[in-house]
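Taking it in order: structure first as structure tokens, then the write-up.
The sequence lines fix the lettering, A, B, ..., with proteins before strands; numbering per chain opens at 1. Hydrogens, waters and symmetry mates play no part in the numbers below; they use all other heavy atoms, side chains included.
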Amino acid sequence: MASQKPSIPKGTRDFSPAEMIRRNYIFDIIRSVFQVFGYQPIETPAMENLSTLMGKYGEEGDKLLFKILNSGNYLDALPESASRFLDPAVRLTDLTKHIAEKGLRYDLTVPFARFVVQHQHELIFPFKRYQIQPVWRADRPQKGRYREFFQCDVDVIGSNSLLNEVELAQIIDAVFTKLDINVLIRLNNRKVLAGIAEAIGAPDKLNVITVAMDKLDKTGLDKVTDELVENGLTYSAIEKLQPILLLEGKIKEKFDTLTPFFKDSETGRKGLEEMRTVLLLLKDLNLKNKFDFDITLARGLSYYTGTIIEVKALDAAMGSICGGGRYDDLTGIFGLPGMSGVGISFGADRICDVMTELNLFPGTIQAATRALFINFGTEEEKHCLKLLASLRSAGIPSELYPDAAKLKKQMEYANRKNIPFVILIGKDEMESGKITVKNMHSGEQKLNTLEEVIKLLS
RNA sequence: GUGGAUGUAGCUCAGGGGUUAGAGCAUCGGAUUGUGGUUCCGAGGGUCGUGGGUUCAAUUCCCAUCUUCCACCCCA
């Protein structure tokens, strides 16, 4: 039988020990910050019922869901002959709903909303939770984009207070300060965006406007204008929108321009007021990283209703490495209305990419074996096993080479694994009861008692 | 879903319509069976992504397909 070339699905990755050490460094910092702010961990299944996931991320999102084929003879469950679904006139989604009822989660927010509704009577509100798990998207992979990646979510649900938004900004600041990444925290509010749509007389075109505005810094004013025209915005509306699109400079100037602009839009005024509250509180907190009120920030996920947040690394070319916002009614679809939540998600994989690119991992993070016992044979093995146990109970990470291989091979093993000390116990040492310790860095070698060895390696 | 690149040894990559396809690194053995990193010597390892076409002859040229990467869309 010809052996097949091993491979893994597109957009997924294996993580080597060296990579896991770096990834765990990031996860540990993020987790410790979450905990210090009073958030509690939960986990949810990798797969959810498709009905939980569908329709929550907009049309695009549905396409990017990985669907799981039903077990057993799934074609038997079809209401009519399978051949009908081969007709191109029949929509593929019709077939999908008959043969797949589960899907891999697309993010952690929607499963969290489901979790909250399902466990509402056990939870203490406002409920502050964090969740660090992989999510899956059937996207085309490219730089910084994977089909399986880890999100680190923090959310507060059951509180309308804008203090939560402020707290999330503090968490962002604390995490990236600890990771030594310089970031810009961009803030906006969906109500401000809705207000703009209202004020220019195109309230139904909110989505078109936000998507176009989001592209402003990438494609420029002309392209954005073209796109707006294509999507049916009138020239007079675009004309009114222009000064908003070009709004730059200090936060205060943005408020000065928007305030009169919103004189007929209550939604806009409300959004602006929320922004003012959040920004003023943040101003007094002296965050290490910069934040800005950026009216071109839109964010695609359709469930956001208030504040939206996005974080970009300043020194690396990478999409957003953290994002989130407030959703007023995500639990409503699952039967629990009036429960507002706000949360953010850190993209661990992108953060890892940025830190690798900028060389930000400290050199001291690898927790490797401290000492390797050389294996000289059966008698020596037995002797070493006891000493090994002593070192381990003293908390010294140590190992015994499992085979009586050539010394060169064992030394090479220690060398390649970066083990700083090698312990040699042959006939001589067994008789004298002493232990030879070799420092692999300096090459120097000494006879010691067990106590001395423990002291030396601790 | 759209567009552009890519695929040759475990890895990074040269090469070229015509005997036996190369290099560096890695692996294994030896110099050196109680002493690693450096050095030297040697060995193993390939259906040149897959399928088809052109040709006396294709790994090389052409077409298709898949893979990976990059960009768009969207996003972490």
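In a base pair of the Watson-Crick type (N1 to N3 plus N6-O4 or O6-N4) or a G-U wobble (N1-O2 and O6-N3), with each distance short of 3.5 Å, B:rU20 is matched with no nucleotide. For B:rA76, there is no paired nucleotide, since no Watson-Crick or G-U wobble pair has both relevant distances below 3.5 Å. Base-pair partner of B:rG3: B:rC70 (Watson-Crick or G-U wobble, both distances under 3.5 Å).
Using P as the reference atom, B:rU47 and B:rC11 are 13 Å apart when rounded to the nearest Å. Atom name P, nucleotides B:rA21 and B:rG44: the rounded distance is 14 Å, in whole Å. Nucleotides B:rA76 and B:rA64 have their C1' atoms positioned 36 Å apart, rounded to a whole Å.
Within the cation-pi definition used here (under 6.0 Å to the ring centroid, within 45° of the axis), A:R22 qualifies as a partner of A:F361.
For residues 404-427 of chain A, the ring pair (Phe, Tyr, Trp, His ring centres under 6.0 Å) pairs, not counting sequence neighbours, are A:Y401-A:Y413.
B:rC69 atom P lies 9 Å from atom OH of A:Y146, rounded to whole Å. A:Q142 has its CD atom 9 Å from the C1' atom of B:rC73, to the nearest Å.
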Steps toward side-chain contact (heavy atoms from CB on, under 4.5 Å) verdict (A:T449, A:I435): CA-CA 6 Å; A:T449 63; A:I435 297 169; over 6 Å; no
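Between the side-chain ring of A:F149 and the base of B:rA76, a stacking contact exists by the 5.5 Å and 30° definition.
For A:E429 against B:rG34, a side-chain N or O and a base N or O form a donor-acceptor pair under 3.5 Å.
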